[in-house]
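Here the structure comes first, spelled out in structure tokens, and everything after it is commentary.
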Amino acid sequence: AQTVTQSQPEMSVQEAETVTLSCTYDTSESDYYLFWYKQPPSRQMILVIRQEAYKQQNATENRFSVNFQKAAKSFSLKISDSQLGDAAMYFCAYRSGLRGSTLGRLYFGRGTQLTVWP
Amino acid sequence: DSGVTQTPKHLITATGQRVTLRCSPRSGDLSVYWYQQSLDQGLQFLIQYYNGEERAKGNILERFSAQQFPDLHSELNLSSLELGDSALYFCASSVATADEKLFFGSGTQLSVL
């Protein structure tokens with residue numbers, strides 16, 4: 001099975017600063033998708049950003065961007081201009097892109113708790 | 001609001017008991033997924049249903065079962081509960097296309113005492 005590793009259980013950042021959350025994954029597949037989900041205290045799982053492995057260009061969504069290094073199997077999330085509302089648990093997730101695979105089966109890392117200081 | 005509704009939000013029960021968790025997917029979504037989030041195991045996939053049929057199984061215990069009804073809502077049944085079953089149970093839904101996007105409910109927090 002694919003494994004996803006988040007080596008930073010906790011991170012903190014000052015409001016308006018930039019923070020990078022790390023994620024590495026292990027797979028033998030060439031076609032896959034990577035995600036970052038945010039889980040605030042409300043417990044809702046919210047999709048932050050998504051990256052298709054076949055795309056070389058790093059995905060961006062407003063203040064959120066990723067650094068996708070396919071050869072290194074690394075997928076980090078950069079949050080720019082951090083806001084108090086960004087405080088949450090962030091999960092990195094992997095999904096196979098192989099034909100016949102379960103489309104909604106995600107493999108999650110253990111999460112990184114992000115604290116944002118005013 | 002994701003459009004996925006899970007009830008109840010909280011559930012407290014005793015060991016050995018049986019509970020049913022309910023999920024209503026977003027309107028139009030045919031696929032329902034169940035995930036378990038626990039301190040020990042993290043977030044893990046349990047099972048998927050598509051248009052009433054079981055499609056994939058993950059790390060789901062034999063004491064657990066699920067079904068999806070003709071109106072597409074789904075239920076996760078947990079029986080002979082143990083302390084270790086205490087977790088947050090998520091339901092997610094999708095339209096099940098190649099450009100898959102999962103929409104998660106807010107979960108049911110199960111506490112087994």
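Residue numbering restarts at 1 for every chain, and letters A, B, ... go by the order of the sequence lines.
- In this structure, chain A has no heavy atom under 4.5 Å from any part of L46(B).
- Two residues are said to be in side-chain contact when any heavy atoms from C-beta on lie closer than 4.5 Å; F35(A) and L102(B) fail this criterion.
- A donor-acceptor pair under 3.5 Å is absent between the side-chain atoms of Y33(B) and the main chain of L106(A), judged by distance alone.
- Few gaps surround CG on D71(B); more than 12 heavy atoms of other groups in view lie less than 6.0 Å from it.
- Within 6.0 Å of CG in L113(B) there are more than 12 heavy atoms belonging to other residues, nucleotides or ligands.
- If you chain together hydrophobic residues whose side chains sit under 4.5 Å apart, Y49(B) and F104(B) never meet in one group.
- Within 6.0 Å of atom CD1 in I46(A), more than 12 heavy atoms from other residues, nucleotides or ligands are found, so the atom counts as buried in its surroundings.
- Interface residues of residues 108-118 of chain A toward chain B, defined by a heavy-atom distance below 4.5 Å and sorted by number: F108(A), R110(A).
- Across every non-hydrogen atom of F45(B) and R105(A), the tightest pair is CD2-NE, 3.4 Å.
- Counting non-hydrogen atoms of other residues, nucleotides and ligands closer than 6.0 Å to NZ of K73(A) gives a total above 12.
- If you chain together hydrophobic residues whose side chains sit under 4.5 Å apart, Y37(A) and L88(B) fall into the same group.
- Atoms CD and CZ, on Q39(A) and F90(B) in that order, are 4.5 Å from each other to the nearest 0.5 Å.
- Cluster partners of V4(B), by chain and number: F103(B). The rule joins Ile, Leu, Val, Met, Phe, Trp and Tyr whenever side-chain heavy atoms lie under 4.5 Å apart.
- Judged purely by atom type and a 3.5 angstrom limit, R43(A) uses its side chain to pair as donor or acceptor with the backbone of G107(B).
- Y94(A) and L77(A) fall within the same hydrophobic cluster, defined by Ile, Leu, Val, Met, Phe, Trp and Tyr side-chain heavy atoms under 4.5 Å apart, directly or through other members.
- Cluster annotation: V19(B) and V32(B) are assigned to the same hydrophobic cluster (Ile/Leu/Val/Met/Phe/Trp/Tyr, side-chain heavy-atom contacts under 4.5 Å, transitive).
- When all heavy atoms are compared, the tightest approach of Q44(A) to S2(B) is NE2-OG, 3.5 Å.
- Contacts of Q37(B) with chain A are made by side-chain atoms alone, with heavy-atom separations under 4.5 Å and no backbone atom involved.
- By the rule that hydrophobic residues join a cluster once side-chain heavy atoms approach within less than 4.5 Å of another member, Y89(B) and I47(B) end up as members of one cluster.
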